[in-house]
Amino acid sequence: MREPLRPLRLAWTFFRISALNELQYRVNFFLQLVQSLVAVATALAVLALVFSHTAQLGGWSRDELLAVLGVHILMGGVIRAVIQPNMQRLIDDVRQGTLDYALTKPADAQLLASTREFRIWQGVDVLVGAVVLAVAAVRVEAAVGIWSALGFAVALLLGAILVYCFWLALTIGAFWIVRMEFIVELFDGVYQAGRWPVTIYPGWLRIGFTFLVPIAFAVTLPAEGVTGRLDGATLAGAAAFTAALLAFTRWLWRTGLRRYAGASA
Amino acid sequence: MAQREPDIHVADLRKTFRVPEREGGLRAALRSLAHREYRDVDAVAGISFDIAPGEVVGFLGPNGAGKTTTLKMLSGLLHPTSGAVAVLGRAPARREPSFLRQITLVMGNRNQLQWDLPVLDSFEMNRAIYRIPPEEFRRTRDELVDLLDFGDLVRTPVRNLSLGERMKAEIAGALLHRPRVLFLDEPTIGLDVTMQKRIRTFIAEYNRRHEATVLLTSHYMADIAALCRRVVVIHHGEILYDGQLSALGDQFEAVKTISVTLGDGGTDLSVYGEVTARDGATVTLKVPRADASRVAATLLRDHVVSDLTIEDTPVEDVIERVFAREATRA
């Protein structure tokens with residue numbers, strides 16, 4: 001009995017339960033909102049500072065960079081609300097041997113491990129990012145048509161999947177090396193670089209940000225969608241890369257599980 | 001057909017771990033970077049047993065005996081190195097969903113409930129994972145909550161529960177899908193005596209109501225004595241004993257204890273057996289098992305006896321001695 005939508009239903013149930021619970025802690029919402037707004041204000045100040053000296057940065061105008069900033073904040077929200085908490089929990093589970101429980105459940109273990117945690121208030125950044133993005137879209141002179149909107153949505157989804165794959169691949173390292181907490185800081189540091197379009201970085205760094213840490217796909221590509229720079233071929237390439245990485249992490253996950261023997265025998 | 005087949009079948013089951021090995025010290029540590037040396041450790045070294053449907057079996061052994069490794073192979077977490085293992089007729093390591101829906105694993109020292117969520121929400125997650133129909137879910141949940149006397153605590157976040165309450169919640173959560181086979185690894189560890197008793201009664205009641213098969217490990221003999229008629233004793237990965245708990249003493253303990261209170265007092269009884277204690281007029285003797293009734297009869301004939309009891313050595317002591325003996329032999 002195959003039900004293609006069952007994984008989504010399960011994820012939705014988990015999301016609903018965590019979200020309803022976190023809704024009780026409304027003070028977290030305001031804290032997060034203040035934090036997000038301060039971050040946005042800082043970023044806008046930096047942007048203003050840069051553009052007081054120049055009209056363009058690596059071929060990107062001020063409003064286009066605003067779009068990049070919007071996507072960066074939005075994707076950061078997705079990462080902190082969904083991807084990071086789940087991966088953190090997976091690392092803890094591997095260390096404490098509680099991953100055993102996920103493996104004795106009649107559901108796909110990777111799905112369970114990837115959807116159990118939702119930090120809804122961290123998702124405030126998704127809204128803040130969307131607002132910044134909307135402002136940018138209005139100000140960018142190229143009209144945002146239905147196709148570029150669609151391209152943006154697809155690019156955003158692919159970017160989120162790629163970031164997930166990247167995190168998961170690193171987290172699976174926990175099956176071999178038990179201490180993996182440092183990857184959180186590592187990723188946060190590198191992700192900050194995504195505030196600027198990867199095209200402004202020198203070649204070797206650009207390649208690194210594209211294929212090693214998928215910042216180019218996560219941030220720059222969706223921003224290109226909004227600013228009308230994204231072409232179909234690039235999007236198709238991104239889709240192919242995403243599919244390949246998804247398959248690779250699936251394989252890595254299974255290999256890691258075979259390695260996993262619980263914290264105590 | 002399922003009635004005749006054993007629920008759990010294990011034949012010559014083996015699990016060997018390769019563990020890296022090195023001497024202490026920096027030099028050895030550096031050397032092991034380049035060239036690792038491994039040693040094979042048999043965690044489970046060829047064990048066989050069958051467990052019939054509805055049976056409650058105690059799995060005994062000291063730490064590191066191979067109990068948890070065996071439970072992990074039975075619940076599909078570890079692949080056996082060799083040998084056969086079948087639970088409900090399936091190979092556990094294949095982890096088929098239809099198989100996993102019929103078993104459960106509870107580990108007393110590890111939590112599976114969502115720490116920050118109320119217990120009810122964790123139950124709800126399990127409902128989604130096991131795809132339990134809503135009506136059946138409500139019924140089972142209410143029954144379990146009632147049996148465990150859990151009441152309003154289901155609305156409390158797990159982190160605010162006491163250890164005992166949390167364990168109750170863990171067990172209830174692990175049984176929502178009404179598994180046919182229960183693997184319980186130290187379900188009462190760290191709990192106070194009252195709570196241990198409560199959990200014990202609950203397991204017995206669940207077994208009675210649903211005819212579930214239970215394989216239980218515990219360090220508390222009281223758990224085993226209350227729940228299991230049959231025990232499997234494992235040590236160094238091998239089975240030392242498999243049979244009735246009540247017969248364990250026959251095999252491993254060659255003596256019985258006679259306590260006798262004498263009316264004439266003060267007499268030296270060492271001719272009858274080894275005197276292990278003397279408390280006023282009451283004397284405790286250890287005598288060979290086969291001689292117990294003859295010695296008792298002689299005592300009754302030769303002395304003025306106001307009270308006399310013959311006892312098997314408590315199971316705890318037997319077990320302790322079995323393991324101690326095996327440890328010195330190993």
Side-chain angles (χ1 to χ4, degrees), chain A residues 1-3 5-25 28 85-86 88-89 92-113 115-121 175-176 254 257-265, chain B residues 15-19 41 43-44 63-64 66-79 92-93 95-107 109-118 120-131 157 170 173-174 177 179 183 185 237:
Chain A
M1 187 169 55
R2 297 288 296 166
E3 287 177 56
L5 287 182
R6 174 160 149 72
L8 287 180
R9 280 230 313 271
L10 198 58
W12 171 248
T13 307
F14 288 180
F15 170 73
R16 189 169 46 84
I17 291 171
S18 328
L20 285 179
N21 266 289
E22 264 201 87
L23 283 176
Q24 299 170 39
Y25 306 103
N28 287 356
N86 277 298
Q88 190 59 51
R89 168 120 183 246
D92 292 345
D93 273 354
V94 169
R95 202 179 47 218
Q96 293 163 10
T98 33
L99 188 65
D100 286 356
Y101 286 126
L103 299 180
T104 52
K105 297 279 183 288
D108 185 77
Q110 185 182 345
L111 175 75
L112 280 186
T115 55
R116 292 177 295 180
E117 301 264 339
F118 284 98
R119 300 277 150 76
I120 193 167
W121 296 135
F175 289 119
W176 283 272
R254 286 167 183 265
L257 276 195
R258 271 199 294 278
R259 177 73 173 61
Y260 170 79
S264 91
Chain B
K15 180 69 193 180
T16 309
F17 289 109
R18 290 190 81 196
V19 290
V41 175
V44 173
N63 292 330
K67 298 182 305 256
T68 305
T69 305
T70 307
L71 285 186
K72 283 188 173 183
M73 285 193 279
L74 289 171
S75 51
L77 292 168
L78 286 179
H79 289 253
R95 300 186 32 236
E96 298 162 289
S98 57
F99 162 74
L100 294 173
R101 251 192 283 279
Q102 300 187 68
I103 66 156
T104 202
L105 171 70
V106 175
M107 293 180 279
N109 53 357
R110 294 184 200 165
N111 282 80
Q112 67 169 324
L113 298 177
Q114 295 275 69
W115 194 246
D116 292 317
L117 299 189
L120 272 183
D121 286 337
S122 278
F123 287 0
E124 180 67 19
M125 285 188 171
N126 276 359
R127 188 194 67 74
I129 292 171
Y130 286 100
R131 293 203 266 175
E170 288 278 341
H177 59 292
F183 299 114
D185 195 9

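Throughout, protein chains are lettered first and strands after them, A, B, ... in sequence-line order, and every chain is numbered starting at 1.
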Does any backbone or side-chain atom of [X] lie under 4.5 Å from a heavy atom of chain B? Answer side chain, backbone, both or neither.
{"X": "A:Leu112", "value": "side chain"}
{"X": "A:Leu10", "value": "side chain"}
{"X": "A:Thr13", "value": "side chain"}
{"X": "A:Arg9", "value": "neither"}

Residues at least two apart in sequence or cross-chain that pass salt bridge (Lys or Arg N to Asp or Glu O under 4.0 Å) with B:Arg127, listed by chain then number, are B:Glu124
By side-chain contact (heavy atoms from CB on, under 4.5 Å), A:Glu22 pairs with (sequence neighbours left out) A:Arg119, A:Ile120, A:Trp121
* Asked: Side-chain contact, heavy-atom cut-off 4.5 Å: A:Leu103 with B:Arg95?
  -> yes
**Asked** Is there a side-chain contact between A:Thr104 and B:Leu77 (heavy atoms, below 4.5 Å)?
**Response** yes
Checklist entry - Does a salt bridge link B:Lys72 with B:Asp185, judged by any charged N lying under 4.0 Å from a carboxylate O? => result no
Salt bridge A:Arg89-A:Asp92, side-chain N to carboxylate O under 4.0 Å: no
Of B:Arg101, B:His177, B:Met107, B:Lys15, the largest count of non-hydrogen pairs under 4.5 angstrom with chain A goes to B:Met107
One option among B:Lys67, B:Gln114, B:His79 has the most heavy-atom pairs under 4.5 Å with chain A, and it is B:Gln114
Turns out that what part of B:Asn109 lies under 4.5 Å from chain A's heavy atoms comes down to neither
